[in-house]
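A short worksheet on the structure shown next.
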Number of protein chains: 2
Amino acid sequence: MNPLHLSNQLCFPFYAISKEIIKRYRPFLAPLNLTYPQYLVMLVLWEEDLVTLKSIGGRLQLDSGTLTPLVKKLIQTGYIEKTRNTEDERQLVIRLTERGRNLEEEAKEIPARINEVLGLNKEEYNKYKDMLDELAGKLEIKREDGYC
Amino acid sequence: MNPLHLSNQLCFPFYAISKEIIKRYRPFLAPLNLTYPQYLVMLVLWEEDLVTLKSIGGRLQLDSGTLTPLVKKLIQTGYIEKTRNTEDERQLVIRLTERGRNLEEEAKEIPARINEVLGLNKEEYNKYKDMLDELAGKLEIKREDGYC
DNA sequence: TAAAATTAAATTGTACACAACTTAAATATA
DNA sequence: TATATTTAAGTTGTGTACAATTTAATTTTA
């Protein structure tokens, strides 16, 4: 067994599957003018409006170098607004616009569509999901609110 | 159960875990002047020297838009060379340089080091690996030579 | 409380990813 | 065999990722 053989790598399938799934999101996200990372930010905001950039970064594992331009794009698209926390002017507070809030209704069907495209039944979905959550736990992926 | 909740997404853990593992490769790859995608190209070449760009792309799921600049970088670093296939001038043939071949010896220890950093025992490693290969199969991730 | 340390965003620079398109070579077909 | 089609790389443009640094606000501490 050659450890340097591509087929013996653990990371490569993560890398390949991640890219593949993101590609399959595109047909559903493009009509909403969203990329996959932008969609993730919107998921966070639909769960909890009025969050700091830092908090979004904590949940999605993205730093300000990635989020600053991404947030700028979402503001241009018209889905979010930014203000500063008056208590602590260092903090950027992100909130949904009316359009951003309304978008949730349109996005509601995406998870079901993606499951169709992936062709996994509920059992398979749960099996993979549980294993991923377990591994994320083992890797101690830092998260703010128990998300992984 | 809210399907739009971040914790109910199947793709997000793939995306997060993939990024996390790649980050953990960095301390081992940086001394070799390699990024993770560059390392993947070297893995392909250590398995089989003299391969076309197309073939590398098939195995790694990367297109010419990604590989052309990446190959340029590896040439600058001195690990590979490119020539054209005289039978078919469209095809770029990539080969290792002496330095690129010698690098394999240095890289041999990386998989073991990564396993240490990930903190997974052989059982866990195999469990995750099998499941990933299974899912890659279900998603019909196109590969050229049975790699996934 | 003034200086030092910490923190949150923003900025800079490098390196992917990939869609869409272009170019040139090879193959297929009318 | 000339034209059409296909194919492999390369190019262009947009959008992440992230390390490293900078800036400004807040907190700690001497």
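So you know, we letter chains A, B, ... as the sequences are listed, proteins then strands, and number each from 1. These numbers were taken from a predicted model, which means no experiment stands behind them.
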Checking side-chain polar atoms at under 3.5 Å, does A/Tyr128 have a donor or acceptor matched by the opposite partner on B/Glu134?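 Checked: A/Tyr128/B/Glu134 side chains pair up, N/O donor to acceptor below 3.5 Å.
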Would you kindly give the [atom1]-to-[atom2] distance between [X] and [N], to the nearest whole Å?
X	N	atom1	atom2	result
B/Met42	C/dC16	CE	P	13 Å
B/Asp63	C/dA20	CG	C1'	11 Å
B/Asn33	C/dT14	CG	P	15 Å
B/Leu74	C/dA15	CG	P	11 Å
B/Leu62	C/dA19	CG	P	12 Å
B/Arg26	C/dA15	CZ	P	10 Å

Heavy atoms of chain A, cut-off under 4.0 Å: which first and last nucleotide of DNA chain D, 5' to 3', fall inside that, if you could look?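 Result: D/dG15 to D/dT26.
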Taking all heavy atoms of A/Trp46 and all of A/Gly100, pick out the closest pair and write down the distance.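 Taking every non-hydrogen atom into account, NE1-O, 2.9 Å.
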Which pair of non-hydrogen atoms, one from B/Arg24 and one from A/Leu139, has the smallest distance, and what is that distance?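 Where B/Arg24 meets A/Leu139 most closely, the heavy atoms are NH2-O, 2.6 Å.
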Do nucleotides 6-11 of chain C as a string where each nucleotide becomes B, S or -: B if the base has a protein heavy atom under 4.0 Å, S if just the sugar-phosphate does, - if no protein is that close. -BSBBB
Taking only side-chain N and O atoms of B/Thr35, does any of them lie within less than 4.0 angstrom of OP1 or OP2 on C/dC16?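 Checking C/dC16 against B/Thr35, a side-chain N or O does come within under 4.0 Å of OP1 or OP2.
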Sequence neighbours left out, cut at 3.5 Å: what donor-acceptor pairs do the side chains of residues 28-37 of chain A make with other protein atoms?
| from | atom 1 | to | atom 2 | distance (Å) |
| --- | --- | --- | --- | --- |
| A/Thr35 | OG1 | A/Gln38 | N | 3.3 |
| A/Tyr36 | OH | B/Phe12 | N | 3.4 |

Would you call A/Lys108-A/Glu105 a salt bridge at under 4.0 Å N-O?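 Salt bridge flag = yes for A/Glu105 with A/Lys108.
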With heavy atoms under 4.0 Å as the rule, sort A/Leu70 into base, sugar-phosphate or nothing.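 It contacts sugar-phosphate atoms only.
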Can A/Ile75 be reached from A/Leu96 by stepping across I, L, V, M, F, W or Y side chains whose heavy atoms are under 4.5 Å apart?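 The answer is yes; both residues are in one hydrophobic cluster.
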Between B/Lys19 (side chain only) and A/Leu62 (backbone N and O only), is there a donor and an acceptor less than 3.5 Å apart?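 Here the side-chain-to-backbone pair does not exist.
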Can any side-chain N or O of B/Gln9 pair as donor or acceptor with the backbone N or O of B/Pro3 at less than 3.5 Å?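 Yes; judged by distance alone, with no hydrogens or angles, the pair exists.
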How are the rings of A/Phe14 and B/Phe14 set relative to one another: parallel (under 30°), tilted (30 to 60°) or perpendicular (over 60°)?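 Aromatic pair A/Phe14/B/Phe14 classed tilted.
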